Amino acid sequence: MTEPDQSRFAEPDHSRFAAGAAYIDGRYMPVAEAAIPLTDWGYRRSDVTYDVVGVWDGAFFRLDDHIRRFRASMDGLHMKPAESDDEIKAVLHKIVRLSGLRAAYVAMDCLRGVPAPGKPRHPAYARNYIAAFAVPWVSVASPEMCERGLHLMIADTLRIPPESVEPRYKNFHWGDLTRGQFEAMDKGADFAILLDAQGNVTEGAGFNVFSITDGVVATPDRGALDGITRLSMIELCEELGIPCEVRPVPAAELRDADEIFTCTTAGGVMPASRIDGRIMGNDRPGPISMRLRDAFWAKRAEGWHATPVDYEGKD
Ligand code: PLP
């Protein structure tokens, strides 16, 4: 990955939004002033669905795919905010415009809200609303980790099953992922990968996982978010003629893999060099992972799935 372009477009009130811009339920504000009510079930019950789209070189990556997934998450969780998909897109353009950022992490949340007074205390009676913010680009892994390859471990903590909380609806139920992060820290690893109750790989704290054995790439078919970067990897494999299978990936296959890489909006493609203390290859990112990573960034530089940010908008 190249370094993010931190330059900005000039804005009259640029300094107010230098740290980022936010939108909550119809209003815009500097990100530091954005706050949600303490009583909101979005906070008290983690009753939120969200999505995160990246802006790179002044353009959103796969904006329509993120909006489609966000809407599917909201529908799946019985949430109906006032904004249409086009209105949400306009909000995202505006917060990036206000921030002036050319490389940004752009989050959109739909919060449950609280049932109106006098209504039953059931989520169906809450008014759902949208909050969003754009801040400077962030990456899950540091440049040093990406350079040497991530040190991964398989956690004892299991991923919450889809029968309880569907991970395809991006959500704030991060208790299992957070616990996994502490397991990784205790073992001296960078990141944990969580299994399901059947012993198959799911995902990690904010990223999808790919395992590579004998030249064949594999990624789990359930128990994880259908990542947009993961989708890009599946498409790239097809384009480059690299066999890619979407199916259950047993823990043993990952432990013995020739290569592993993780991927996410906040960082792109992040190859690993160790799993559970075992060194893969020459303790550096493997060749197929690097080929995919390089192809990903080369295509991004060419404008692949890019929607230029409307920096000139007048509203
Ligand atoms: N899995 C989880 C739990 C995530 O939170 C994320 C992104 O934040 C991903 C996977 C990767 O998804 P995407 O590539 O759409 O960013």
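Just so it is clear, the model here is predicted, and its values are computed rather than measured. Read the numbers this way: they start at 1 and go in the same order the structure lists the ligands and their atoms.
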Less than 3.5 Å apart, N/O on ligand 1 and N/O on the protein: could you list those pairs with the distances?
{"residue": "ligand 1", "atom": "1 (N)", "partner": "Glu203", "partner atom": "OE1", "Å": "2.6"}
{"residue": "ligand 1", "atom": "5 (O)", "partner": "Lys170", "partner atom": "NZ", "Å": "3.0"}
{"residue": "ligand 1", "atom": "8 (O)", "partner": "Lys170", "partner atom": "NZ", "Å": "2.6"}
{"residue": "ligand 1", "atom": "14 (O)", "partner": "Ile228", "partner atom": "N", "Å": "3.3"}
{"residue": "ligand 1", "atom": "14 (O)", "partner": "Thr229", "partner atom": "N", "Å": "2.9"}
{"residue": "ligand 1", "atom": "14 (O)", "partner": "Thr229", "partner atom": "OG1", "Å": "2.5"}
{"residue": "ligand 1", "atom": "15 (O)", "partner": "Arg69", "partner atom": "NH1", "Å": "2.8"}
{"residue": "ligand 1", "atom": "15 (O)", "partner": "Arg69", "partner atom": "NH2", "Å": "3.0"}
{"residue": "ligand 1", "atom": "15 (O)", "partner": "Ile228", "partner atom": "N", "Å": "2.8"}
{"residue": "ligand 1", "atom": "16 (O)", "partner": "Thr265", "partner atom": "N", "Å": "2.9"}
{"residue": "ligand 1", "atom": "16 (O)", "partner": "Thr265", "partner atom": "OG1", "Å": "2.6"}

Is there a side chain to side chain donor-acceptor pair (under 3.5 Å) between Thr157 and Arg179? Walk through the geometry before answering. CA-CA 7 Å; Thr157 306; Arg179 187 169 147 175; 3.2 Å; yes
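Other members of a hydrophobic cluster containing Leu225 are absent, since no ILVMFWY side chain comes under 4.5 Å of it, directly or through relayed contacts.
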Side-chain donor-acceptor contacts of residues 187-195 below 3.5 Å, not counting sequence neighbours, with atom names and distances?
{"residue": "Asp190", "atom": "OD1", "partner": "Arg148", "partner atom": "NH2", "Å": "3.1"}
{"residue": "Asp190", "atom": "OD2", "partner": "Arg148", "partner atom": "NH1", "Å": "2.8"}
{"residue": "Asp190", "atom": "OD2", "partner": "Arg148", "partner atom": "NH2", "Å": "3.3"}
{"residue": "Asp190", "atom": "OD2", "partner": "His151", "partner atom": "N", "Å": "2.8"}

I'd like a table of donor-acceptor pairs (distance under 3.5 Å, sequence neighbours excluded) in which one partner is a side-chain atom from residues 301-309, with atom names and distances.
{"residue": "His305", "atom": "NE2", "partner": "Arg62", "partner atom": "NH1", "Å": "3.3"}
{"residue": "His305", "atom": "NE2", "partner": "Glu235", "partner atom": "OE1", "Å": "3.3"}

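The backbone N or O of Ser289 lies less than 3.5 Å from a partner atom in the side chain of Glu259, making a donor-acceptor pair.
In terms of hydrophobic clustering, with Ile, Leu, Val, Met, Phe, Trp and Tyr side chains grouped at heavy-atom distances under 4.5 Å, Val216 and Val249 are assigned to different clusters.
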